[in-house]
Amino acid sequence: MNERNTKQKNIILKVVKNSCTHPTAEEVYAGVAKELPNVSLTTVYRNLNKLAEQGIIKRLLIPNQPDRFEKNPTKHYHVCCEICGAFEDLIKPCYNLNLDEKECLESGFFIKSHEIIFKGLCPNCRKNNK
Ligand SMILES: [Zn+2]
Ligand SMILES: [Zn+2]
């Protein structure tokens with residue numbers, strides 16, 4: 001990998017790490033473009049996917065929504081606001097490892113993980129909806 005590519009990759013990683021939300025590739029691109037005005041969205045996509053394959057960041061596949069990326073590699077659940085699209089980590093309920101082990105026995109599959117995305121209204125949207 002040449003120097004330019006390494007620099008791009010490091011800046012992309014930095015943008016994901018500094019992001020407290022779960023940015024989409026386009027949001028990461030917007031952050032990266034501030035430092036590297038010539039970078040293309042394709043380059044950002046390619047690097048994000050590579051970083052996710054290497055397990056350095058996590059890619060979240062969300063039905064009917066663009067993929068999101070995050071720095072937190074631990075298994076956890078998410079909550080999504082149906083109005084503004086806010087997307088956050090949940091501390092509780094914590095990830096249920098039992099569920100993976102139990103399903104493993106009954107289905108014959110070897111289960112590695114599961115994803116849960118809770119849906120509803122964030123505190124801001126709740127306030128505005130009263
Ligand atoms: Zn909201
Ligand atoms: Zn998360």
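Numbering of ligands and ligand atoms starts at 1, following listing order.
- Heavy atoms only, all atoms of each residue included: C84 and C122 are closest at SG-SG, 3.8 Å.
- Y95 and D100 form a side-chain donor-acceptor contact under 3.5 Å, judged by distance and modelled atom types alone.
- In terms of heavy-atom proximity, G85 sits nearest to R68 at O-NH2, 3.5 Å.
- Around the Zn ion (ligand 1), protein N, O or S atoms at less than 2.8 Å comprise C81 SG, C84 SG, C122 SG, C125 SG.
- A distance of 9.5 Å separates CD1 in I12 from NZ in K9, rounded to the nearest 0.5 Å.
- Annotation: F118 is not in aromatic contact with H78 [ring centroid separation under 6.0 Å not met].
- Within a 6.0 Å radius of CD1 in I91, other residues, nucleotides and ligands contribute 12 heavy atoms or fewer.
- Applying the salt bridge (charged side-chain N to carboxylate O under 4.0 Å, His left out) test to every pair with at least one member in residues 22-48, sequence neighbours left out, gives these pairs: K14-E35.
- Ring geometry, H76 versus H22: the interplanar angle falls from 30° to 60°, so the pair is classed tilted.
- Within the protein, the number of N/O/S atoms found under 2.8 Å from the Zn ion (ligand 2) is 6.
- For N10, the side chain to side chain donor-acceptor pair (under 3.5 Å) test picks out no residue, with sequence neighbours left out.
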